[in-house]
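Note that these values count all heavy atoms, side chains included, but never hydrogens, waters or copies made by symmetry.
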Amino acid sequence: MKYCFVDFETGCEADIEKVGGALYTEDPSLFIRCLAYAMNNQSCILADEVFVKAINCPGLLEAAEDPDVMFVAHNAAFDRRVWNKLMPKLGFPEIPVERWVCTSNMALNHGLPANLADACKAMNLRFQKQEGGKDLINLLCKPDEVTGLFLEYMDCPDKFMQFYRYCVSDVEAMRELFRHLSPLSRYERKVYMIDQRINDHGVRFDKPLAAKASVLIDKLQIENVDTLCDVTNYMVEKPTQRPSMKKWLEKVGFPLDNMQGHTLNKMLKLPNVPDRVKLAVEAYMEGGKSSLNKYIHILNMTNKDGYYRDVAVMNGSGTGRWASYGLQMLNLPRPRVDIQIAVTCLVKRSIQVFDYLYSPQTATALSSIIRALIIPDKGKIFGVVDYAQIENKVLAWSAGDTDKLQMFIDGEDLYCYAASKLYGRTITKEDKYERQVGKGSELGFQFGGGIGAGVNTANTYGVDLRPICASVLASGSYVEIKEAKKSYAKYLANCKTNKKRHWEIADKELGMTVDILKQRWRANNPKTVQYWADLQATIVKAIRTGKPYKCGYSTWFMHKRWLCCKLPSGRIMKYAYPKLKEKGKYSEITYMRVDPKTKRWGKAKLYGGKAAENETQAIANCILRDAMIRCEHKFPTYYHCHDELVTQFNKGSNYQEQLEEYKKLVEQKEKWNETLPITVTGWFGDRYGKE
């Protein structure tokens, strides 16, 4: 195979950090500062903007015209768009997406950082990306803030020469990284092609409606600031000032453990809260919604037709799931109001009417309808399918829990099923609180979670466990109470080690209640608990011996510097630099990854429950990928979010008939998952998130 490694450095009047890479490359002011490239193992060649325009690039034209040459770039979508926009004007042919290879995606597929410099450092490669590039880009690739002009070579030749060396180092580092990584498999390349098509097409937003909402958001922010300043006597001047707001609440007689939404909502329900305190808290909560920033991003990062490209990053998560940046398309806020009513109101009524109807929860309503701003192409309508409780099914399937699988086959409600076992009586959907407790226990404990996971899950789904603390503790056996005390002491020690603030820590009564629920859930799910232990033992053996070992439907083995998990689909999930540390009879497993919170490369622990969670997400993602491939010709994916797929139907067609056909295609199984019960729900509509 012949490869051409390329890297563009460009100048543009648009700010890439504000508008995103796709809109940046669409800007008419875009131009090439320099281009570095290298053929296979040959020396790297640098062509500045003058040489590129003169087509003085030895071998590059021949490579572009040769269909057997693959072009390799880091964040290849960017370089591909630059090439296909600017290079044809200089006499070069366009290069189709099928001929591009992305080393950033390859790095992600190996559990490495997406960033070139970080990936090279993580692998301790011979060639490293040159430092100082950001300062040079700010100096040479952006217009002067005062004059609006770009610097020329004669203005600072030393800086330009340094910049050229930086561009060359990018190609050398990228080529070195490429040599040390396995290419995407044929199957993964199919998924990558679909991924690039989705990102190139983009998702369309109702930009006029977003603009209308942003006017109301500006008005609300001013009102919230005015309210806070007035009520607190300027002790709190912005909704983002959390410590100041907490201090003011203490001053007026309402000390709180924390400033989380569920805590503030509980405080507002107290009978003795003065109106002015309620007013300030509501202004603080409404004005502090970070999700409202998405409206600003929608206006800044979509083109004139409302399309936002680069929707998600394939392999962005170590499990192979997609990740999203910029507009955070995979992290849309949960609806807290009826989306259909709210959208209809905003479309047909004035912002004053909308504000009147939803005040003082106007910001909550605006946050809830963000997903409904996603609209289909002209002349189309959405068809949406969602895998029903797919991760719960995959875990039960992997663990060999035939009873739970049968429950799914019989169409029973999982959360009622879980709650019935916890309460020792039949729980139905009419028992809403008990069902929510069942849901919290199922989602909080299925991957080895303890007190912290249980409390966080309950908070996420708005389940207040305090009403059942007394009854759970009273019904606890001697063994359960003893274990709960021990677990709570360990939980406190971990909180101290992790330097958690006091308001983040559950009190003893709540902590022990959650632990008893955990013990009962584990007693009711012995096969899942055993599967965690089996995974732990399998991984330890694979690392220690280097030999392959099977657990459930997956096989674990070592390959060079990676611990590999061959999933039942055949796809391989990788953990970088795994190590064992013996602690008595227990072997602690660690590996290196990018921390999802700090975004830094560092050590992380891997244990049976976590391995089960990662494997479950990876298998569920394989099911989604298979469906995307099957549907590509008949119902191409327009957008996807976790376990949900979105396609488009032609307006005026038989929507219900097409939806049923789409559902059947998505539900279809492959040979590797024939025994896994898969069902999907579906709907069609003219907006996303609005049936």
Counting the benzene-type ring for Trp, do Tyr577 and Tyr591 have ring centres under 6.0 Å apart? no
According to side-chain contact (heavy atoms from CB on, under 4.5 Å), who are the partners of Ser420, at least two apart in sequence or on a separate chain? Ile427
With sequence neighbours left out, write down each residue that passes ring pair (Phe, Tyr, Trp, His ring centres under 6.0 Å) with Phe382, or none if nothing qualifies. Tyr638
Thinking salt bridges, do Glu430 and Arg435 make one under a 4.0 Å N-O criterion? no
Between Lys581 and Ser587, is any pair of side-chain heavy atoms under 4.5 Å apart? no
Which residues pass the ring pair (Phe, Tyr, Trp, His ring centres under 6.0 Å) test with Tyr415, sequence neighbours left out? none
Just jot down the ring pair (Phe, Tyr, Trp, His ring centres under 6.0 Å) partners of Tyr553, sequence neighbours excluded, or say none. Trp397
Taking only Lys NZ, Arg NE, NH1 and NH2, and the carboxylate oxygens of Asp or Glu, determine whether Glu632 and Lys190 approach each other closer than 4.0 Å. no
Salt bridge check: are Lys490 and Glu483 linked by an N-O gap of less than 4.0 Å? no
Identify all side-chain donor-acceptor contacts of residues 601-613 below 3.5 Å with residues at least two apart in sequence or on another chain.
| from | atom 1 | to | atom 2 | distance (Å) |
| --- | --- | --- | --- | --- |
| Lys605 | NZ | Glu588 | OE2 | 3.4 |
| Lys610 | NZ | Glu613 | OE1 | 3.3 |

For Ser317 and Gly320, indicate whether the former's side chain and the latter's backbone hold a donor-acceptor pair under 3.5 Å. no
Ala312: side-chain contact (heavy atoms from CB on, under 4.5 Å) partners, not counting sequence neighbours: Trp322, Leu330
Is there a donor-acceptor pair under 3.5 Å between the side chain of Asn331 and the backbone N or O of Gln328? no
Does Arg630 have any salt bridge (charged side-chain N to carboxylate O under 4.0 Å, His left out) partners at least two apart in sequence or in another chain, and if so, which? Glu670
For the residue pair Tyr662 and Phe635, categorise the inter-ring angle as parallel (less than 30°), tilted (30 to 60°) or perpendicular (more than 60°). tilted
For Tyr192, what residues pass the ring pair (Phe, Tyr, Trp, His ring centres under 6.0 Å) criterion, not counting sequence neighbours? none
Test side-chain contact (heavy atoms from CB on, under 4.5 Å) applied to Asp310 - qualifying residues, sequence neighbours left out: Ala22, Arg81, Asn199
By side-chain contact (heavy atoms from CB on, under 4.5 Å), Val313 pairs with (sequence neighbours left out) Leu108, Tyr325
Heavy-atom check, side chain of Tyr639 versus side chain of Met329, under 4.5 Å: yes
Can a donor-acceptor pair be found, under 3.5 Å and without considering hydrogens, that links the side chain of Glu188 to the backbone of Ser185? yes
Lys404 backbone acceptor or donor facing Asp401 side chain under 3.5 Å: yes
Are the charged groups of Glu660 and Lys663 less than 4.0 angstrom apart, N to O? yes
Measure the shortest side-chain to side-chain distance between Pro568 and Ser554 over non-hydrogen atoms and say whether it is less than 4.5 angstrom. yes
Heavy-atom check, side chain of Lys574 versus side chain of Ile572, under 4.5 Å: yes
Check each of Val540, Leu563, Ile543 against Trp556 using the side chain to side chain contact (heavy atoms under 4.5 Å, CB included) test, and report the only one that passes. Leu563
With a 3.5 Å cut-off and sequence neighbours excluded, list the donor-acceptor pairs that the side chains of residues 461-473 form with protein atoms.
| from | atom 1 | to | atom 2 | distance (Å) |
| --- | --- | --- | --- | --- |
| Asp464 | OD1 | Arg466 | N | 3.1 |
| Arg466 | NH1 | Asp507 | OD2 | 2.7 |
| Arg466 | NH2 | Asp507 | OD2 | 3.1 |
| Ser471 | OG | Ile468 | O | 3.0 |

Pairs flagged by ring pair (Phe, Tyr, Trp, His ring centres under 6.0 Å) wherever residues 417-453 is involved - sequence neighbours left out: none
Exam field: side chain Asn621 to backbone Gln617, donor-acceptor pair closer than 3.5 Å: no
Looking at Asn673 and Leu676, would you say the former's side chain and the latter's main chain have a donor-acceptor pair under 3.5 Å? no
If you define the side chain from C-beta out and look only at heavy atoms, does anything of Lys566 sit under 4.5 Å from Met573? no
